[in-house]
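What follows is a short report on a single structure.
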Amino acid sequence: MKEHLKPIQLEDIAIYKIPSGMQYSPNGETLAFQVSRADVEKNCYHTDVYLAKDGKAEQVTYTLDASVVMWDDDETLILRRSSQDPKPGVTELFKLPVKGGEARPWMDLPFGLRTLKKAGDAYIAVGMIDAKDPDAYLDSEDERKKKFEAKKEEADYQVVDEVPYWFNGAGFTNGRRSALFLVKEEKGKAVCKRLTQPYFSVASMVVEEGKVYYTGNVNRQTSKMFDKVYVYDLASKKTETLYRKEDHSIGGLFFMNGKLYGQASDMKTYGLNQTADIVRIEKDKLTKVYVPEVSLYSSVIGDTAEGGGGDKADGKSYLTLATIEAHNAVFELTEAADGTLAKKTLWEQEGMACSITASESKIAMIYQDWNHVAEVFEMNRDGSDFHRVTCLNDEALKDRYIAKPNRLDYESEGYKLRGWVLLPDGFSEKKTYPAVLDVHGGPRCAYGETFFHEMQLWAARGYVVFFTNIKGSDGRGDAFADIRGDYGGCDFKNLMDFTDAVLKAYPNIDQKRVCETGGSYGGFMTNWIIGHTDRFCAAASQRSISNWISFGFIADIGEYFAPDQCGAKGMYGEANTEQLWAHSPLKYADQVKTPTLFIHSDEDYRCPLPEGMQMMQAIASRGVETRMCIFHGENHELSRSGKPKHRMRRLQEITNWFDAHTKA
């Protein structure tokens, strides 16, 4: 008798435990990381710290909501308190003895902390400041409280005088800058000194042999796309400009055999999304030493994992994640005799690698495949003996039916492409089924054979779910990912050809009950699809773009992303306006017949709320059935890291919409 498996439920999204923030101790014996878990009742998340040693993981914090900052030494871990009621303008740091005992308060940093690294007997921090009050970190506690109360009095007003004045996930950022600080501990208190100018923004930072190397630029009124490179000598207390030209975006600094390297892009060939080259950085000189064929990070996406930490340097080699087709690999780069960097693939596997870190003998990875939610894995430094360390989500998925991705290859517009189909439990060719086409964001992201809660939910509810990587997706290099000036062209045709291929391969899908959805770029594509075909019975447009002209003037990345992606030379002038408008779904709203749900967040500054509102109002005024659900206090990351109740409501809205329009 066939074992009865329980279906994936909508509420399951709140019981998954998600690891992140991995760091090895200096001696490489202990791996620290944090795990977030939802609190549905309070509609928030809690974060616990775990330690793993000899392949076994153990939770070490229970009452302190905290995340990993860094290792102070082999026996001491520095944590940051994650408080629902934090001290204004302060980062609370704790020290946790890994051999036992409670985390104890260490010191408060008088700024919002981004990064902390050890530098001899001191620390180097990147923290947030107000450029108009850059020395607020020197304020006494009373002065800090007075300024906080004064800001509360001004809470009904927002003044902006620069662009971008907001940033997705960070709110209004007008006047805020990321500054470099020297931090010393004196009797349990932090003594800080700001090392950068008030309007300077730090992009990347590394500490090596008594010196701090960092990239960034001075940004006044508008942000600069390119970075300079600087070095601060801790002994002489002097700063030198190492690379003064403004012709590359430079980040990802690391050292190998005493030489400084980084990732740099001039954006001349493939625009903003051009893959950065690995360069050796010398005085006013960048030398290309490795030109990647694929992206050196993970762009495979899911809704049950957190990214970040895609590389690690140990002074002798450089490890980095890479995206190949629809999965990830770990590359090791080492210096070759001719001065370039030689690549070796240490690990490669279907699924999604979210982040990595490494010690001298091990590599740790957060990874998930098609039938598991993210877990911590380890392997040997050469990529062998890949094994799981945690079992955070086994209970959540126990005895559940998880639909396996069935690969479907097809051809479209001269490209050989790949997609997948999820089938409901007990799928029978004798029955007919509704279906959902799901389009990824980016566009430079990639679907893979990895667990996706929303898709598994729809499969559990009897839908055939299908998804694909079209022209514009990542994993096949810059030329394939480049759709500048062709949004709604080849990509749209690829999706329609894929839909045809799925319907041919699974003829018992009811063609009158096929739905479509997507978010971000997928939201743009949803808006485009409903204006160019009525083959779908219902659509759900999420965090979308409808009008590239308005997007360009309100989104946090709009002024440079909109013209770049639309193939325009800028935001002004009739020729540019025509180009932007030609790629705007709103232009074709008079052709829409498809019932469409719009999902948007009012703090989404990447694809701002008016983008969804324009499209919704345009089709509503023409009598097309529509509905809009606006989530207050959420941003562009609603589906991945929004509050638990909001994530469930979002998924309920979409599922209800599809159910209502696919009734047999």
Phe167 six-ring face occupied by Arg606 cation (under 6.0 Å, within 45°): yes
Salt-bridge criterion met for Asp409 and Arg407 (N-O under 4.0 Å): yes
Spatial distance of atom OG (Ser412) from atom CD1 (Ile470) [nearest 0.5 Å]: 9.0 Å
Nearest-0.5 Å distance, CH2 of residue Trp347 to CG of residue Asn328: 6.5 Å
Asp12/Lys6 salt bridge by N-O under 4.0 Å criterion: no
Heavy-atom check, side chain of Phe492 versus side chain of Met525, under 4.5 Å: yes
Basic-acidic side-chain contact under 4.0 Å: Glu454, Arg650: yes
Atom pair CZ/CG of Phe427 and Asn406 - distance to nearest 0.5 Å: 9.0 Å
Side-chain heavy atoms of Thr91 within contact of Arg80, under 4.5 Å: yes
Heavy-atom pair of closest approach, residues Glu603 and Asn168: O-OD1, 3.7 Å
Any side-chain donor near an acceptor of the partner, Asp39 and His46, under 3.5 Å: yes
Atom CZ of Arg640: over 12 foreign heavy atoms under 6.0 Å: yes
salt_bridge(Asp491, Lys471) N-O dist < 4.0 Å: no
Partner of Thr468 under side-chain hydrogen bond (donor to acceptor under 3.5 Å, both in side chains), chosen from Tyr410, Tyr447, Trp420: Tyr410
